[in-house]
Amino acid sequence: METRSRRSGYIPQEIEPRWQKVWAERGVMKADDASAKPKFYNLVMFPYPSGPLHMGHMRNYVIGDLLSRFKRMQGFEVLNPMGWDAFGLPAENDAIKRGGGVHPEVWTRGNIAIAKRQLGIMGVLYDWDREVTTCDPSYYRWTQELFLLFFERGLAHRMMSPVNWCPVDKTVLANEQVINGRCWRHPDVEVEKRDLEQWFLRITEYADRLLDDLSLLDHWPEKVRVMQANWIGRSHGVEVEFPIDGHPGESMRIYTTRPDTLFGVTFMVLAPEHPLVEKLTVGARRAAVREVVESSRKAREIDRMSSEVPRLGAFTGAYAINPLNGEKVAIWVGDYVLITYGTGAIMAVPGHDQRDFAFARQFGLPIREVIAPAGQAQGELEAAYTGPGSMINSGEFDGLDSKASFDRIAEFIEAKGIGKRSVKYRLRDWLISRQRYWGCPIPVIHCEVDGIVAVPHSELPVLLPREYKPLGDNPDFWRTKCPKCGRDARRETDTMDTFIDSSWYFLRYTSAHNNTQPFDSELANHWMAVDQYTGGIEHAILHLLYSRFFQKVLHDAGRADTTEPFARLFTQGMIRRGGLVMAKSKGNGVAPDDLVARDGADAARVYEMFIGPPDEDVEWSDSAIAGPVRFLQHVWRLVDAPGSFQVTGSDASADVLRRRVHQAIRKVTEDYEGFHFNTAVAALMELANALQAYLAGGGRRDDSDWDWALRSLILLLNPMAPHVGEELWSRLGGKGLAADAAWPQYDPASAAEPEVTLVIQVAGKVRDRATVPAGTTEGAALETAMRSEKVRAALAGRAPSKVVYVPDRLINLVP
RNA sequence: GUCGGCGUGGCGGAACGGCAGACGCGCCAGCCUUAGGAGCUGGUGCCCGAAAGGGCGUGGAGGUUCAAAUCCUCUCGCCGACACCA
């Protein structure tokens, strides 16, 4: 491929490898644990090495590298590590697909090598001494250690449960990995429900803290915090016992967040799986009820999740007694009630709950109004009224405000001993068992006598066998002895969800070679929390919630001071091409290798920053990279090619040049800090244009103003285009590496413009402009405005009745 | 359905309530050149006009304000998340 830059003298292919070598040799991005400088832990979500990286992935790493270089120049000791989320199904699937028997480890290691090389040619630097690879025994032995820590603290347990099963991956999935009833990896594959005994982590014990501490994360995107809060789904309600008519001692316990509607209950509904269904159903209703139970069991998860009517439902023949008003209400079984939430049973208030309303309509059940919006009953309802109002048809509670009555009624219920206040969560415990080979083995042993026994710490790691087949099919792996009694025992053959691996890797980076514990607490406390975490929004719930959970458990275990792992979070947008997200599977990826070969890494980096706001999705353009290419050539010629600009005779003022530089330093610094990289590029281009205008006006290249202006440009550009930065810095005789240079400082007074353009409006319309000294008074501005013929014409003889003056900006004359 | 985000030139996108369209791509004209997919100079929202100048313009309709892309209400369109959680 031909380069675009034959004539400019800027040949990226000649300088890039040279500087990459220098950075590596001098250990530019090595983090010093003992540095006296303020620390800055800059982290980009580590990748799953599934193959070559494309420019969609690269956006992330360029942002991270830019920040690391910027923060270093600002005087921080930067920790900027990288690693590989290397366990996972794609390694197995790919190995199977190719049929050639490629071992997942070989596949994974190969991909790591490719990605690592690609990061290198893009000029992206890391402290590779701290590299972690989650599939390496030197890492997963500590994942196992942490599992045992959870186990010993009662936070890891095994239980029988209806779980999500992906028939393609042949493994169970966490709730978080089921999207609309489908597997997160296979959007066209519906998950099945199976009853299996599985390992869970008790994340629900941390639900309150995970929710409440979101308020500490004021540098996280609001969107992510809202998503996590919704996922945790805490609700405050009341559990109430409804006695069963004709079954003394038996009662139906329901959960409601609307105790103010208790007088509006016209029927009750049990989930099909509820144990009372079998007990309560009367003979004549048995067939109909069984039909509902069977159909909903067989119904595909996806249908059951749909809120479309018709629903499955049947009357059981039994009645409950409303403990508040003594009314007998029919008990139904209905598939819209979930056994997994609350008590698996509800009181139905069709007047004020849309789901109950639909069910009542479908089966011709009564509807009663107990909340009136403006104190007035609405009569026949077309839909449930779910808003606030005052209570009616509610005995002694009539007239109470529906919202305010919550506590009144809750107290009443508690006083009568028929129920109690209760908090429920949508969040479920985290299912971590996976029936796969390529994952971290769960370090426990099943003994017929001693039950579940932890593998002794001294015997870790439980190594994955080399042979690629399910662990359950590998007796050499699972045949073992009980550590307690020494009898024959069976090793656990499930591996862990790979999200466990990534829930603590940021801690491992702080002492990546520690061989006595997962991480050194002192070093972790030094570097944590991560000051800046950058990654994709797709992890808003999964990875970010799990990592927060781990951090809190490790805090409770006395291993870490910090309770939140990531102080500041940035979620970058995705890059599309041809309207689709850039992805290997879509065949629309742009290889960094090709761009580097043609235009150089710096142009590719600048283009990725210039392409649009980093938090938004953007469309890749194959032609628009020409702008950044020209820009870098332009900068190059400012340093290197004295004769290449026409002199046009415009003014060359050193004052103007100095001002432009101070303005650019301010703008670029603020934009880097605020993640406005696209406008930072624009500011750098403007500065380059200002330097050129200075030359075009006959400005001299041998004075100190020029030299300082040029060096400032190079340093501001350096985090974004580091190879050009180093090369030109050294050609200008800069001391040391640009990467080690101090960030330019600006002086606000020197950045201020002495003259401003005053916009002159008449009745809010721009009629003229005038150049006036900064700080012009209102009186002088008005005088200037009235001298304008255009203004006088617009006023047409009328005198302004009102004058609005915004100093140094605008004057508006209102007739 | 609920919640959230976004609608600005041919294109990507700028714009503390105060000059709409910075910066760039593309395009047009000129210069330089053996050559141009290089470089340099200028132009480029739309309409009327030779020009000077004028009018109109940030999805649509209202509103607040001296002043609205920006704030408020309604509405249309696109995108995303959640989706029977009682």
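Letters A, B, ... mirror the listed sequences (proteins, then strands); counts begin at 1. Given the structure is predicted, the values throughout are model-derived calculations rather than measurements.
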*At under 4.0 Å between heavy atoms, what does Pro628(A) touch on the DNA or RNA strands: base, sugar-phosphate, or nothing?*
nothing

*Look at all strands and tell whether Lys765(A) reaches a base, only sugar-phosphate, or nothing, counting heavy atoms closer than 4.0 Å.*
sugar-phosphate

*Any idea which of A83(B), C84(B), C23(B) is nearest the Arg311(A) side chain?*
C84(B)

*Within the structure shown, what part of the strands sits under 4.0 Å from Ser235(A) by heavy-atom distance: base, sugar-phosphate, or nothing?*
sugar-phosphate

*Looking across every strand, which nucleic acid part, if any, lies under 4.0 Å from Ser621(A) by heavy atom: base, sugar-phosphate, or nothing?*
nothing

_Nearest-Å distance once atom P is located in both A52(B) and G43(B)_ = 13 Å

*Tell me the partner of C11(B), counting only Watson-Crick (N1-N3 plus N6-O4 or O6-N4) or G-U wobble (N1-O2 and O6-N3) with both under 3.5 Å; none if nothing fits.*
G24(B)

_Is the distance from the ring center of Phe675(A) to that of Phe677(A) below 6.0 Å?_
yes

*Is any side-chain nitrogen or oxygen of Lys667(A) closer than 4.0 Å to OP1 or OP2 of A14(B)?*
no

_Pairing partner of G4(B) (Watson-Crick or G-U wobble, both distances under 3.5 Å)_ = C79(B)

*Going by a 90° cut-off around 0, is G9(B) syn or anti?*
syn

*Would you say a side-chain N or O of Arg426(A) is under 4.0 Å from OP1 or OP2 of A83(B)?*
yes

*Complementary nucleotide of U73(B), counting Watson-Crick and G-U pairs under 3.5 Å*: A61(B)

*Is there a Watson-Crick or G-U wobble partner for C84(B) with both distances under 3.5 Å, and if so, which one is it?*
none

*Expressed in angstrom and rounded to an integer, what is the separation of Tyr341(A) atom OH from C84(B) atom C1'?*
12 Å

_If only side-chain N and O atoms count, and only distance matters, is there a donor-acceptor pair under 3.5 Å linking Asp768(A) with Ser788(A)?_
yes

*Counting any heavy atom closer than 4.0 Å, what does Val814(A) reach on the DNA or RNA strands: base, sugar-phosphate only, or nothing?*
sugar-phosphate

*Say you pick atom P in A68(B) and the same atom in U75(B); how far apart are they, in whole Å?*
24 Å

_Given Arg605(A), Met55(A), Met58(A), the one that forms side chain to side chain contact (heavy atoms under 4.5 Å, CB included) with Leu595(A)_ = Met55(A)

*May I ask you to check whether Gln572(A) and Glu616(A) show a side-chain donor-acceptor distance below 3.5 Å?*
no

_Strictly below 4.0 Å: does Asn678(A) bring a side-chain N or O up to OP1 or OP2 of A14(B)?_
yes

_By the 4.0 Å heavy-atom rule, please label Gln761(A) as base, sugar-phosphate, or nothing._
base

*Using Watson-Crick or G-U wobble geometry with both distances below 3.5 Å, tell me the partner of A35(B), or none.*
none

*Classify the ring geometry between His352(A) and Tyr385(A) as parallel (under 30°), tilted (30 to 60°) or perpendicular (over 60°).*
perpendicular

*Between Phe359(A) and Phe267(A), is the gap from one ring center to the other below 6.0 Å?*
yes

*Arg637(A) has an atom CZ; how far is it from atom C1' of G39(B), in whole Å?*
6 Å

*Looking only at atom C1', what distance separates A50(B) and G54(B), rounded to whole Å?*
15 Å

*With sugar-phosphate meaning primed atoms plus P, OP1 and OP2, does Ile346(A) contact a base, only sugar-phosphate, or nothing at under 4.0 Å between heavy atoms?*
base

*For Lys802(A) and C66(B), is the shortest distance between a side-chain N/O and OP1 or OP2 below 4.0 Å?*
yes

*Identify the two heavy atoms, one from Tyr255(A) and one from Thr343(A), that lie closest to each other, and give their separation to 0.1 Å.*
N-OG1, 3.6 Å

*Scan Arg428(A) against the nucleic acid and name what it touches under 4.0 Å (heavy atoms): base, sugar-phosphate only, or nothing.*
base

_With a 3.5 Å limit on both atom pairs, tell me what A52(B) is paired to, counting Watson-Crick and G-U wobble, or say none._
none

*Identify the nucleotide, in any strand shown, that forms a Watson-Crick or G-U wobble pair with C16(B), with both distances under 3.5 Å; if there is none, say none.*
none

*Does the separation of the ring centres of Tyr607(A) and Trp620(A) fall below 6.0 angstrom?*
yes

*Short side-chain N/O contact to U41(B) OP1/OP2 from Gln692(A), under 4.0 Å*: yes

*For Arg630(A) and G26(B), is the shortest distance between a side-chain N/O and OP1 or OP2 below 4.0 Å?*
yes

_Closest-nucleotide mapping onto RNA chain B: is Ala763(A) or Thr340(A) further toward the 5' terminus? I mean the 5' end._
Ala763(A)

_Within the 4.0 Å heavy-atom criterion, would you say Asn689(A) contacts the bases, only the backbone, or no part of the nucleic acid?_
sugar-phosphate

*Answer with base, sugar-phosphate or nothing: what part of the nucleic acid does Glu619(A) contact at a heavy-atom distance below 4.0 Å?*
nothing

*Position toward the 5' end of RNA chain B (nearest nucleotide), Val618(A) or Asn812(A)*: Val618(A)

_On the nucleotide A38(B), are OP1 or OP2 found under 4.0 Å from the side-chain N or O atoms that Gln633(A) carries?_
no

_Let's test this: given Watson-Crick or G-U wobble pairing with both distances under 3.5 Å, identify the partner of A29(B)._
U41(B)

